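Written out below as structure tokens is the structure these notes cover.
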Amino acid sequence: MGFFDKLKEKFKKKDKSIETYDSGLKESREAFTNRLNKLAKKYSKINEEYFEEIEEILISADCGVTFTMNIMEELAHQAKKDKIESPEEINELLFSILFSTYLKDEEEVNNNDLSFDHKPEIILICGVNGVGKTTTIAKLAHLYIEMGKKVLLIAADTFRAGAKEQLTYWSEKINADIVSGKENGDPASVVFDGLEKAKNNDYDLIIIDTAGRLQNKVNLMKELEKMGKVIEKANFTLDESFLIIDATNGQNGILQAKAFKEILPLSGIILTKMDGTSKGGIILAIKNELDIPVRFIGLGEKMDDLEVFDLSKYIHGLIENE
């Protein structure tokens, strides 16, 4: 049984989560796997032109130029070594190579959920304006509220007009508590007020929204450092620092992540709007260029469409119906 067949057999009986992956990755599937399959039908035997077309598909899927060149080199080497001439076999080998970095550590990748081995678990969220930060925070909170967790939101993005009001709106929709401060106020003081509230309310999860003003990295770094000190002084622990990236931004999202990585030790990426992009290779580029795990993936506009990232389901979503 081949790579694709084993994966399809694993998800023969679909649950809600795998259905969300399959439907959410439709555009990426059409631009990536479907193009590879059409390419295989054009050729009876692989040649240099076939490899060039694979390279073009990888780059257009936003896998990144450097990563693509490395993959193509390994693909050509392996094909020559194993004397592979069939386009279909080359495509299967390509998938195996593409995901080998992840597959070596599949258990860790597929267990990216929060542990809740202590209370409260605290997550700091960052991301530039326009990536869907506020909505994603609401989806993340909703995900855990549905699991029976008690969630507190802290609206510490005091500099973006309407950020507090937007998060307050969502908190009411999903039935989460919220602490906010004055517009243009000190973000760390809002965090302080939120943690004071948390001391007597037995929260399982605290999510802190922060400003994403990359144009002034020095000020942003100072704000984040100050928040960290407030958390430490309150005898709490900052468990996770997540960066939200809009998948439709492609390589620009990678550049944003590199900038944030300079000022904050990121523990994970939340990738939004995957359902609206054909550039499914962005996940591979993130792993290759940043070595930061994708922890959650947004696959639609509904409140339930934020999923814990699962490699097997992601790959299945790319090959479904093929």
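Sequence positions, counted from 1, serve as the residue numbers for this chain. Small disclaimer: the values here were computed from a predicted structure and weren't measured. Atoms considered below: every heavy atom in the structure, side chains included; atoms not considered: hydrogens, waters and symmetry mates.
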* Verify the neighbour count for atom NZ of Lys199: are there more than 12 heavy atoms of other residues, nucleotides or ligands below 6.0 Å? => yes
* Would you indicate whether the side-chain heavy atoms of Ile57 and Leu39 approach each other to under 4.5 Å? => yes
* **Residue pair Gln78 / Asp82, side-chain donor-acceptor N/O under 3.5 Å** => yes
* Asked: Quick check: are there more than 12 heavy atoms from other residues, nucleotides or ligands sitting under 6.0 Å from NZ of Lys119?
  -> yes
* To do: Using a 4.5 Å cut-off on heavy atoms from C-beta on, say whether the side chain of Leu93 contacts that of Leu75.
  => yes
* Strictly by modelled atom types, are Asp246 and Thr248 linked by a side-chain donor-acceptor pair under 3.5 Å? -> yes
* Linked hydrophobic residues, Ile59 as query - side chain contacts closer than 4.5 Å -> Val65, Met69
* Hey, quick one: are Ile283 and Leu255 part of the same hydrophobic cluster, counting side-chain heavy atoms closer than 4.5 Å, chains of contacts allowed? -> no
* **Contact check, side chains of Leu243 and Ile292, non-hydrogen atoms, under 4.5 Å** => no
* **Expected output: side-chain Arg160 to main-chain Ala211 donor-acceptor under 3.5 Å** => no
* To do: Step through the shown structure and confirm whether more than 12 heavy atoms of other residues, nucleotides or ligands are within 6.0 Å of CZ on Phe192.
  => no
* Quick one: do Asp22 and Lys313 satisfy salt bridge (charged side-chain N to carboxylate O under 4.0 Å, His left out)? Show the steps, please. => CA-CA 8 Å; Asp22 290 348; Lys313 291 177 182 177; over 6 Å; no
* Asked: Hey, is Lys139 close enough to Asp305 for a salt bridge, meaning N to O under 4.0 Å?
  -> no
* Between Phe32 and Phe95, how do the two ring planes meet: parallel, tilted or perpendicular, split at 30° and 60°? -> tilted
* Asked: Taking the side chain as C-beta and beyond, is there a heavy-atom pair between Asp239 and His118 under 4.5 Å?
  -> yes
* Asked: Among the clusters formed by ILVMFWY side chains lying less than 4.5 Å apart, do Met274 and Ile254 turn up in the same one?
  -> yes
* **Pairs satisfying side-chain hydrogen bond (donor to acceptor under 3.5 Å, both in side chains), at least one member in residues 174-190, at least two apart** => Asp177-Tyr203, Asp186-Lys226
* **Nearest non-hydrogen partners of Asp275 and Leu299, listed with the distance** => CB-O, 3.4 Å
* Could you give me the CA-CA distance, side-chain angles and deciding distance for Glu307 and Leu143, then say whether side chain to side chain contact (heavy atoms under 4.5 Å, CB included) is met? => CA-CA 8 Å; Glu307 295 282 345; Leu143 181 68; over 6 Å; no
* Side-chain donor or acceptor of Asp204 paired with backbone N/O of Pro120 under 3.5 Å -> no
* Asked: Does the side chain of Phe116 reach to within under 4.5 Å of the side chain of Leu205, using non-hydrogen atoms?
  -> yes
* Asked: Shortest non-hydrogen contact from Ile245 to Gly253?
  -> CD1-O, 3.6 Å
* Side chain of Asn47, backbone of Tyr50: donor and acceptor closer than 3.5 Å? -> yes
* Run the numbers on Ile54 and Met72 for side chain to side chain contact (heavy atoms under 4.5 Å, CB included), then give the verdict. => CA-CA 8 Å; Ile54 288 180; Met72 293 308 301; 3.7 Å; yes
* To do: Classify the side-chain pair Thr158/Lys164 by whether it contains a donor and acceptor separated by less than 3.5 Å.
  => no
* Could you check if a side-chain atom of Leu306 sits within less than 4.5 angstrom of a side-chain atom of Leu140, using non-hydrogen atoms only? => yes
* Looking only at non-hydrogen atoms, find the nearest pair between Leu290 and Ala257 and report the distance. => CD1-CB, 3.3 Å
* Exercise: identify the closest heavy-atom pair between Gln251 and Cys63 -> NE2-C, 4.4 Å
* Measure across Ile174 and Ala138 and return the closest heavy-atom pair with its distance rounded to 0.1 Å. => CD1-O, 3.5 Å
* **Basic-acidic side-chain contact under 4.0 Å: Lys197, Asp193** => no
* Asked: Stepwise, does the side chain to side chain contact (heavy atoms under 4.5 Å, CB included) test hold for Val218 with Met221?
  -> CA-CA 5 Å; Val218 175; Met221 184 185 293; 5.9 Å; no
* **Arg35 and its salt bridge (Lys or Arg N to Asp or Glu O under 4.0 Å) partner, picked from Glu27, Glu53, Glu30, Glu56** => Glu56
* **Non-hydrogen side-chain atoms of Glu55 and Thr68 separated by less than 4.5 Å** => yes
* To do: Look at the side chain of Ser267 and the backbone N and O of Ser241, then say whether any donor-acceptor pair between them is shorter than 3.5 Å.
  => yes
* Asked: According to the interplanar angle, ranging from 0 to 90°, do the rings of Tyr21 and Phe309 count as parallel (below 30°), tilted (30 to 60°) or perpendicular (above 60°)?
  -> tilted
* Name the one of Ile208, Thr210, Ile270, Leu153 that satisfies side-chain contact (heavy atoms from CB on, under 4.5 Å) with Ile125? -> Ile270
* Close side-chain approach of Phe260 and Val128, heavy atoms under 4.5 Å -> yes
* Take Cys126 and Lys133, measure what side chain to side chain contact (heavy atoms under 4.5 Å, CB included) needs, and give me the verdict at the end. => CA-CA 8 Å; Cys126 55; Lys133 183 159 61 86; 5.7 Å; no
* To do: Can you establish whether the number of heavy atoms outside Lys261 located under 6.0 Å from its atom NZ is more than 12?
  => yes
* Asked: Would you say Lys150 has more than 12 foreign heavy atoms packed within less than 6.0 Å of its NZ?
  -> yes
* What's the shortest heavy-atom distance between Asp310 and Ser312, and which atoms? -> OD1-N, 3.0 Å
* For atom CD of Glu232, decide whether the heavy atoms of other residues, nucleotides or ligands shown that lie under 6.0 angstrom number more than 12. => no
